[in-house]
Amino acid sequence: MAAWTWRFETAGGTEVQPAVQPEEFTTQGDAESWIGEHWKDLQEGGTDQVRLFEDSAEIYGPMSLHAEEAEAEAEAEEAEAEA
């Protein structure tokens, strides 16, 4: 069975210890759900970007944790403008 894991990095690509310790995930969806729940705590703890691995193969990355924050802020501003 494949194991899905995250690598946590600074913006420069240096590996860092995550502020929230992840588990080993059995599906890509579980891994992505976990990052969706914890990205803000990870970012506040010094992680700028993540890479997703299936066993030792990199699936994608680096994925910035800052892009989601900017997107959330833009959506909030849009909602305020429409109200």
Side-chain angles (χ1 to χ4, degrees):
M1 179 174 278
W4 296 82
T5 55
W6 291 104
R7 175 184 156 101
F8 305 90
E9 300 178 346
T10 63
T14 303
E15 189 167 9
V16 295
Q17 282 300 108
V20 181
Q21 207 49 47
E23 55 200 80
E24 200 168 80
F25 305 99
T26 54
T27 69
Q28 182 174 350
D30 287 347
E32 290 171 339
S33 292
W34 184 89
I35 208 80
E37 292 170 19
H38 297 287
W39 70 269
K40 192 165 182 110
D41 292 332
L42 292 166
Q43 179 193 23
E44 289 170 357
T47 299
D48 294 309
Q49 62 190 29
V50 294
R51 296 175 190 268
L52 182 63
F53 288 84
E54 181 182 11
D55 296 325
S56 60
E58 185 174 323
I59 303 304
Y60 61 76
M63 179 177 73
S64 173
L65 299 183
H66 298 282
E68 288 158 340
E69 183 176 59
E71 193 176 297
E73 286 175 10
E75 286 174 6
E77 287 171 12
E78 268 181 43
E80 282 178 25
E82 291 171 3

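Every value quoted in this text rests on a predicted model; they were computed, and no experiment measured them.
To the nearest 0.5 Å, atoms CE (Met63) and CH2 (Trp39) are separated by 10.5 Å. How far CG of Leu42 is from CD of Gln17: 11.5 Å, rounded to the nearest 0.5 Å.
Annotation for Asp41 and Ala19: closest pair O-CB, 3.6 Å, computed over non-hydrogen atoms. The shortest heavy-atom contact between Trp6 and Ala31 is NE1-O, 3.0 Å. Scanning all heavy atoms of the two residues, the minimum distance from Leu65 to Gln43 falls at CD1-N, 4.0 Å. The two residues Gln49 and Ala11 come nearest to each other via the heavy atoms OE1-O, 3.8 Å.
Using bins of under 30°, 30° to 60° and over 60° for the plane-to-plane angle, the ring pair Trp34/Phe25 lands in the tilted bin.
Note on Val50 and Phe53: separate hydrophobic clusters, where clusters join Ile, Leu, Val, Met, Phe, Trp and Tyr whose side-chain heavy atoms are under 4.5 Å apart, directly or indirectly.
Each salt bridge (Lys or Arg N to Asp or Glu O under 4.0 Å) pair with one or both residues in residues 8-33, not counting sequence neighbours, appears once here: Arg7-Glu9, Arg7-Glu15, Glu9-Arg51.
Contact check for Val16 versus Asp48: no side-chain heavy atoms found under the 4.5 Å cut-off.
Under the side chain to side chain contact (heavy atoms under 4.5 Å, CB included) criterion, Ala2 pairs with Trp4, Glu54, Asp55, not counting sequence neighbours.
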